Amino acid sequence: QVQLVESGGGLVQAGGSLRLSCAASGRAFSRYPMGWFRQAPGKERDFVAGVTWSGDGTYYADSVKGRFTISRDTTKNTAYLQMNSLKPEDTAVYYCAARAIEYGSPRYRNTWEYDYWGQGTQVTVSS
């Protein structure tokens, strides 16, 4: 069983930065690919970024490429999403998720492809 807890959200001005963290419990997490998703009010939950179990493979949505960086620290069982050059349209609840396929690809973009989810953390970008 894997449990995920996000943190690091908050209010930031446009152009600013935030780093989200996703702390995982469960030894299996270290072998699973994981992703970050976001959901704005009244919209579907969208893929943001994915990372392999080792952290050496990453994949991004076009809307965040070049501004966001996904990473993970296997020694701390924690994944991160560094968000730079934030825009008002990045405002959403951000969720981390893990896919229960050992050593799998980071390229899964659909919510139904992930097995474990955190509770979400709010990111608000003011203009």
Side-chain angles (χ1 to χ4, degrees):
Q1 188 72 8
V2 173
Q3 291 185 323
L4 306 174
V5 178
E6 302 96 336
S7 62
L11 173 64
V12 64
Q13 288 188 331
S17 298
L18 281 175
R19 189 176 82 154
L20 306 183
S21 299
C22 175
S25 62
R27 294 170 63 183
F29 175 78
S30 64
R31 300 187 293 275
Y32 294 161
M34 61 84 55
W36 284 95
F37 287 73
R38 66 186 181 186
Q39 187 167 20
K43 296 189 176 181
E44 294 184 349
R45 192 171 298 188
D46 291 331
F47 173 81
V48 174
V51 64
T52 55
W53 68 277
S54 62
D56 61 355
T58 57
Y59 182 56
Y60 296 93
D62 288 343
S63 59
V64 306
K65 203 173 294 183
R67 300 188 298 124
F68 291 10
T69 302
I70 188 172
S71 62
R72 67 194 297 172
D73 184 336
T74 55
T75 64
K76 297 181 178 179
N77 236 18
T78 301
Y80 303 97
L81 185 68
Q82 177 67 43
M83 306 185 295
N84 298 329
S85 302
L86 282 161
K87 306 174 181 180
E89 51 263 44
D90 294 318
T91 295
V93 177
Y94 283 70
Y95 299 89
C96 66
R99 176 173 165 88
I101 301 292
E102 292 189 357
Y103 313 119
S105 166
R107 291 177 174 264
Y108 295 100
R109 303 176 63 98
N110 300 299
T111 57
W112 55 264
E113 294 176 305
Y114 288 80
D115 302 282
Y116 302 103
W117 291 86
Q119 83 290 348
T121 185
Q122 176 71 45
V123 171
T124 303
V125 184
S126 63
S127 58

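These numbers were taken from a predicted model, which means no experiment stands behind them.
- At a threshold of 4.5 Å between side-chain heavy atoms, the hydrophobic network of Ile, Leu, Val, Met, Phe, Trp and Tyr places Tyr80 and Leu4 in two separate groups.
- Between the side chain of Gln119 and the backbone N or O of Val5 there is no donor-acceptor pair closer than 3.5 Å.
- Under a 3.5 Å cut-off, the side chain of Tyr60 and the backbone N or O of Ile70 do form a donor-acceptor pair.
- Between the Gln82 side chain and the Arg19 main chain, no donor and acceptor come within less than 3.5 Å of each other.
- When the side chain to side chain donor-acceptor pair (under 3.5 Å) test is applied to Thr75, the partners found at least two apart in sequence or on another chain are Asp73.
- A distance of 12.5 Å separates CD in Glu6 from OH in Tyr94, rounded to the nearest 0.5 Å.
- Hydrophobic clustering keeps Tyr95 apart from Val123 (ILVMFWY residues linked when any side-chain heavy atoms are closer than 4.5 Å, directly or through intermediates).
- Using modelled atom types, one side-chain atom of Tyr114 and one backbone atom of Tyr108 make a donor-acceptor pair closer than 3.5 Å.
- Following chains of ILVMFWY side-chain contacts shorter than 4.5 Å, one can reach Val12 starting from Leu81, so the two form part of one hydrophobic cluster.
- Remark: side-chain polar atoms of Thr91 are paired, donor with acceptor, to backbone N or O of Val125 under 3.5 angstrom.
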- Message: Run the side chain to side chain contact (heavy atoms under 4.5 Å, CB included) test on Leu20 and Met83 for me, step by step, so that the C-alpha distance in whole Å, both residues' side-chain angles and the decisive distance to 0.1 Å come before the verdict.
- Response: CA-CA 8 Å; Leu20 306 183; Met83 306 185 295; 3.8 Å; yes
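- Of all the heavy atoms in Leu18 and Gly8, the pair that sits closest is CD2-O, 3.9 Å.
- When all heavy atoms of Ala14 and Ser127 are compared, the closest pair comes out as CB-CA, 4.3 Å.
- At a cut-off of 3.5 Å, with distance as the only test, no side-chain donor of Arg99 or Tyr32 sits close to an acceptor on the other residue.
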- Task: Mind running side chain to side chain contact (heavy atoms under 4.5 Å, CB included) on Ser21 and Lys76 for me, showing each step along the way?
- Result: CA-CA 11 Å; Ser21 299; Lys76 297 181 178 179; over 6 Å; no
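- With values rounded to the nearest 0.5 angstrom, Gln3 atom CD is found 4.5 Å from Ser25 atom OG.
- Electrostatic pairing of Lys87 and Asp90 does not count as a salt bridge here, judged by no charged N lying under 4.0 Å from a carboxylate O.
- Of all heavy-atom pairs between Ala92 and Ala40, the closest is CB-N, 3.8 Å.
- Within 6.0 Å of CD on Gln122 lie more than 12 heavy atoms contributed by other residues, nucleotides or ligands.
- From Arg72, atom CZ reaches atom SG of Cys96 across 10.5 Å, with rounding to the nearest 0.5 Å.
- Under a 4.5 Å side-chain heavy-atom cut-off, the cluster of Ile, Leu, Val, Met, Phe, Trp and Tyr residues that includes Trp112 has no other member.
- At distances below 3.5 Å, not a single donor-acceptor pair connects side-chain atoms of Arg31 with backbone N or O atoms of Glu102.
- A perpendicular orientation is assigned to the rings of Trp53 and Tyr103, their planes being inclined by more than 60° (bins at 30° and 60°).
- Annotation for Pro33 and Ser105: closest pair CB-O, 3.4 Å, computed over non-hydrogen atoms.
- Residues Tyr59 and Met34 fall into different hydrophobic clusters, defined by Ile, Leu, Val, Met, Phe, Trp and Tyr side chains chained together at heavy-atom separations under 4.5 Å.
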- Task: Verify side chain to side chain contact (heavy atoms under 4.5 Å, CB included) between Val64 and Arg38, making sure each step is shown before the conclusion.
- Result: CA-CA 11 Å; Val64 306; Arg38 66 186 181 186; 4.0 Å; yes
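- Atom CZ of Phe68 is separated from atom CG of Leu86 by 5.0 Å, given to the nearest 0.5 angstrom.
- Cluster annotation: Trp117 and Phe29 are assigned to distinct hydrophobic clusters (Ile/Leu/Val/Met/Phe/Trp/Tyr, side-chain heavy-atom contacts under 4.5 Å, transitive).
- Geometric assessment of Arg45 against the ring of Phe37 yields a negative cation-pi assignment under the 6.0 Å and 45° thresholds.
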